[in-house]
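Take a look at the structure set out below.
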Amino acid sequence: MVGGVLPLVQKIEPNLPFFLGPQELPGDFITPTRLHRDKYDDWADDVKITLHARKKFVFLDGTASKLELPCTQSDWNTINAMLVSWIMNTTDTKLKCYLSKYKDVERLRNTLKSRYAVVNRPRIQQLKSAISKFEQTSNMTVAEYFGKLTGS
């Protein structure tokens, strides 16, 4: 209270990414998909969909600023802790011991991505080579060529 006047506290509306409802708990398993060493892409897709549905993916991709009104530092800390908890709950127990030091959700996500998102460079080269060899022969209709290109 300053000079007999209470400070105005702004309410975080449910349509904002900073909002956490009473149904959102740190122990939630936001997706049944677990992150294992070789299943990053499936896990990342499921987590992304779930967090988009909850309007929270903006904290992982860095598009939400840490302090945006009406969010306070305390609100940010709460949301960040909730997101770290949700991600850790979807991580295989064998991987969790390597991740306990990560307290920032964006940094945690970037670490998981760089460590477990495997790029299969030989397969990429095979696909590029196959694409470059595609051609429509003189006895092939446009529909047949399109089917060949799309694999249908």
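Given the structure is predicted, the values throughout are model-derived calculations rather than measurements.
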side-chain contact (heavy atoms from CB on, under 4.5 Å) involving Ala117 - partner list, sequence neighbours excluded: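 Here the qualifying residues are Tyr40, Lys113.
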Taking the side chain as every heavy atom from C-beta outward, state whether [X] and [Y] have any pair of such atoms under 4.5 Å apart.
X      : Y      : answer
Leu112 : Tyr102 : no
Leu60  : Lys48  : no
Arg115 : Leu95  : no
Lys103 : Val84  : no
Asn89  : Ile30  : no
Arg109 : Phe59  : no
Leu35  : Thr90  : no

Sorted by chain and residue number, the side chain to side chain donor-acceptor pair (under 3.5 Å) partners of Asp61 (sequence neighbours excluded) come out as Thr63
Among the clusters formed by ILVMFWY side chains lying less than 4.5 Å apart, do [X] and [Y] turn up in the same one?
X     : Y     : result
Leu83 : Phe29 : no
Ile87 : Leu25 : no
Trp86 : Ile49 : no

Side-chain donor-acceptor contact under 3.5 Å, Asp75 with Thr72: yes
Of the options Asp45, Asp46, Asp42, which is the one that meets Thr33 in a side-chain hydrogen bond (donor to acceptor under 3.5 Å, both in side chains)?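 With Thr33 as partner, side-chain hydrogen bond (donor to acceptor under 3.5 Å, both in side chains) holds for just one option, Asp46.
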Point-to-point distance, once rounded to the nearest 0.5 Å, from OG1 of Thr78 to CD of Glu24: 12.5 Å
Working to the nearest 0.5 angstrom, can you tell me the gap between Phe19 CZ and Lys55 NZ? 10.0 Å
A quick test of your reading: do over 12 heavy atoms of other residues, nucleotides or ligands sit less than 6.0 Å from NZ of Lys39? no
Check this for me: Tyr145, atom OH, are more than 12 non-hydrogen atoms of other residues, nucleotides or ligands nearer than 6.0 Å?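 More than 12 heavy atoms, drawn from other residues, nucleotides or ligands, come within 6.0 Å of this atom.
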Only one of Leu51, Val105, Thr50 clears side-chain contact (heavy atoms from CB on, under 4.5 Å) with Lys56; which? Leu51
